[in-house]
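Worksheet: one structure, shown below.
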Amino acid sequence: MSPNMTGVVLMIASMACFTLNDTLIKLTDGAVPLMQLLFLRGVLSSLLILMLARYLRALHFNIARRDWVLIGIRSVAEVGAAYFFITALLNLPLANVTAILQVLPLTVAVGAALFFGEPLGWRRMAAILLGFIGMLLIVRPGAEGFSIWSLYALIAVACVTVRDLVTRKLTPGVPSMTVTFVAAVTVMLFAGVASTATEWVPITPRLAVLIGGASVLIIGAYFFSVRVMRIGEITLIAPFRYTGLIWALVLGWVVFDDWPSALTLLGAGIVVATGLFTLYRERALSKR
């Protein structure tokens with residue numbers, strides 16, 4: 001496959017893994033303190049990544065200082081994304097939280113323009129502003145619609161944007177498996193320290209299955225999210241992040257009997273439409 005098609009497949013796979021992981025985490029229904037949950041998931045996923053990377057001989061740490069700085073920034077952003085997103089996830093319907101995250105392709109485009117100097121014409125800017133309007137329909141700031149958990153989801157958007165932009169700047173020689181492993185270990189260590197402030201609870205067999213399943217899925221989610229930002233064109237691949245919304249709507253309805261309100265669906269539709277418009281514009285320009 002071409003680099004762009006490979007990137008599209010990786011993005012779809014990443015969104016599937018992330019959303020299925022989110023579903024298993026939400027099914028714990030707050031029975032496990034957040035930091036204990038993240039720590040246990042981190043221990044299992046880190047061990048599995050280490051074993052897989054050693055088997056594939058895809059892990060080494062002989063990396064330039066510049067790349068270590070970028071990996072450090074990326075890992076801190078990963079910690080922030082995990083904390084704020086999962087906190088929002090445990091307090092809002094799955095589809096609503098995922099819908100807010102659909103503004104990510106637009107924030108990544110703005111970030112690429114501001115920090116990497118990528119062109120951002122008036123049509124792209126119009127699409128970004130429409131996407132912002134769609135996000136407001138989802139979040140609905142005000143006495144009734146807005147909540148602190150909506151704000152947490154927006155902070156998670158900022159963290160993921162930083163994570164993805166930093167990943168793009170890594171040199172090609174840095175193994176994606178190494179970046180994945182460092183991110184998993186960083187989240188685990190942060191959660192482990194933070195979990196000492198709360199009392200741990202016993203893990204039932206049901207919770208063990210849910211956390212174990214989430215640990216496996218987060219490996220794919222981490223790895224694919226690293227690979228997808230290092231291949232193909234960001235502006236062409238990013239709109240396929242919207243497939244996560246489809247997964248979330250279906251799983252939220254089937255598993256949790258949650259269906260977003262009409263305004264949430266309208267806002268999500270606007271955000272998706274702006275992303276598709278961006279994709280169309282990029283394809284049209286590439287043919288000139």
Side-chain angles (χ1 to χ4, degrees), residues 18-19 21-42 75-108 110-111 128-129 131-164 186-187 190-201 210 214 218 221 241 244-245 247-249 251-253 255-271:
F18 269 121
T19 311
N21 164 79
D22 298 340
T23 302
L24 295 183
I25 293 296
K26 191 169 179 62
L27 281 170
T28 64
D29 199 25
V32 182
L34 176 58
M35 290 300 124
Q36 179 186 349
L37 177 62
L38 287 177
F39 177 73
L40 294 175
R41 189 189 71 174
S75 297
V76 171
E78 192 79 73
V79 170
Y83 172 75
F84 287 106
F85 179 78
I86 293 178
T87 302
L89 179 68
L90 292 174
N91 291 278
L92 290 173
L94 175 64
N96 288 46
V97 181
T98 307
I100 294 174
L101 262 65
Q102 300 316 300
V103 78
L104 271 168
L106 304 174
T107 60
V108 171
V110 172
I128 291 171
L129 291 175
F132 181 75
I133 293 172
M135 184 192 65
L136 290 179
L137 288 174
I138 297 168
V139 178
R140 293 193 295 281
E144 295 181 359
F146 185 80
S147 71
I148 186 63
W149 314 123
S150 302
L151 178 61
Y152 272 45
L154 290 176
I155 296 174
V157 167
C159 291
V160 174
T161 301
V162 172
R163 182 197 72 186
D164 287 354
T186 304
V187 173
F190 169 80
V193 173
S195 69
T196 59
T198 59
E199 184 177 352
W200 279 40
V201 301
L210 292 174
I218 202 64
R241 189 184 295 273
L245 183 58
W247 280 99
L249 288 172
L251 290 169
W253 177 48
V255 179
F256 303 107
D257 197 27
D258 288 331
W259 191 253
S261 67
L263 278 178
T264 297
L265 289 174
L266 176 61
I270 291 174
V271 174

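Interatomic distance, W149 CH2 to L92 CG, rounded to the nearest 0.5 Å: 8.5 Å. To the nearest 0.5 angstrom, T23 atom OG1 is 4.0 Å from L251 atom CG. Rounding to the nearest 0.5 angstrom, the gap separating the CG atom in L34 from the CG atom in L38 is 4.5 Å. Within the model, atoms CG of D22 and OG1 of T19 stand 6.0 Å from one another, a figure rounded to the nearest 0.5 Å.
Of all heavy-atom pairs between A214 and L24, the closest is N-CD1, 3.5 Å. Here the closest heavy-atom approach between residue G192 and residue F39 is recorded as CA-CD1, 3.3 Å. A153 and V97 get closest at one heavy-atom pair: CB-CG1, 4.4 Å. When all heavy atoms of V187 and E78 are compared, the pair lying nearest together is CG2-CG, 4.0 Å. Nearest approach of A81 to A156, heavy atoms of both residues: O-CB, 4.2 Å. Across G30 and L90, no two heavy atoms sit closer than the pair N-CD2, 4.3 Å.
The side chain to side chain contact (heavy atoms under 4.5 Å, CB included) with F84 is formed by just one residue from the set I155, V160, L154, L151; it is I155.
Annotation: side chain of P93 is not in contact with side chain of F256 (no heavy-atom distance under 4.5 Å). Side chains of V201 and Q36 form a contact here, defined as non-hydrogen atoms less than 4.5 Å apart. Within the 4.5 Å cutoff, the side chain of F18 has heavy atoms near those of the I218 side chain. When side chains are defined from C-beta on, F85 counts as touching L101, because their heavy atoms get closer than 4.5 Å.
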*Chi angles and distances behind the side-chain contact (heavy atoms from CB on, under 4.5 Å) call for L40, W200*: CA-CA 11 Å; L40 294 175; W200 279 40; 4.1 Å; yes
*Where do V32 and R41 land on the side-chain contact (heavy atoms from CB on, under 4.5 Å) test, with the steps shown first?*
CA-CA 12 Å; V32 182; R41 189 189 71 174; over 6 Å; no
*Could you please spell out the steps behind the side-chain contact (heavy atoms from CB on, under 4.5 Å) verdict for V79 and V76?*
CA-CA 5 Å; V79 170; V76 171; 5.6 Å; no
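Note: F190 and Y83 have perpendicular aromatic rings, judged against thresholds of 30 and 60 degrees for the angle between ring planes.
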